[in-house]
Amino acid sequence: MRVTELADSYVGLQTRFWIDDPKRSDFVKTRSDFVQSVKERCDAEGIDMPYPHTQLLGGIEVEETHAENGTAPADD
């Protein structure tokens with residue numbers, strides 16, 4: 001396994017494995033089992049998966065309309 005990328009919200013890893021007599025279903029199951037094993041090992045070692053987050057700051061002003069205050073607009 002090798003590190004391919006260090007990003008803000010993940011560490012990219014690449015690995016290879018060998019299947020003697022591969023079929024599509026064998027590959028999908030083997031890959032799934034491998035990913036599950038890596039996740040379980042990270043959990044066991046106390047390695048948390050990073051998640052991106054965004055913080056929005058600021059404010060908003062809302063003007064009251066005539067319909068909201070119960071009055072009709074004045075005729076000009």
Side-chain angles (χ1 to χ4, degrees):
M1 186 178 315
R2 68 184 181 105
V3 175
T4 59
E5 187 173 2
L6 296 174
D8 291 339
S9 61
Y10 71 93
V11 175
L13 302 173
Q14 182 182 49
T15 190
R16 296 179 184 183
F17 47 84
W18 181 263
I19 302 172
D20 284 332
D21 186 19
K23 296 178 191 144
R24 177 73 180 152
S25 61
D26 291 342
F27 171 75
V28 171
K29 180 172 181 353
T30 300
R31 182 177 59 181
S32 176
D33 291 347
F34 177 76
V35 170
Q36 182 68 34
S37 295
V38 169
K39 174 68 170 106
E40 289 172 0
R41 178 65 185 268
C42 288
D43 290 347
E45 296 295 330
I47 300 171
D48 291 328
M49 299 295 157
Y51 296 97
H53 68 278
T54 302
Q55 183 178 7
L56 301 176
L57 302 173
I60 187 169
E61 292 183 27
V62 178
E63 293 182 22
E64 185 177 351
T65 65
H66 293 288
E68 290 173 343
N69 66 16
T71 61
D75 291 335
D76 292 329

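Fair warning: this is a prediction, and the values are worked out from it, not measured in the lab.
- Asp33 pairs by the side-chain hydrogen bond (donor to acceptor under 3.5 Å, both in side chains) definition with Lys29, not counting sequence neighbours.
- Under the 3.5 Å distance criterion, the side-chain polar atoms of Thr30 are matched with a main-chain donor or acceptor of Asp26.
- Hydrophobic clustering (ILVMFWY, side-chain heavy atoms < 4.5 Å, transitive): Val28 and Val35 are in distinct clusters.
- Atom CZ of Arg31 and atom CD1 of Ile19 lie 10.0 Å apart (nearest 0.5 Å).
- The only option from Arg2, Met1, Glu5 that meets the side chain to side chain contact (heavy atoms under 4.5 Å, CB included) definition with Gln14 turns out to be Arg2.
- Following chains of ILVMFWY side-chain contacts shorter than 4.5 Å, one can reach Val38 starting from Leu6, so the two form part of one hydrophobic cluster.
- Connection of Phe34 to Leu13 is established within a shared hydrophobic cluster, with ILVMFWY side chains joined at heavy-atom distances below 4.5 Å, either directly or through further cluster members.
- Side chain of Thr4 to backbone of Gly12: a donor-acceptor contact under 3.5 angstrom is found.
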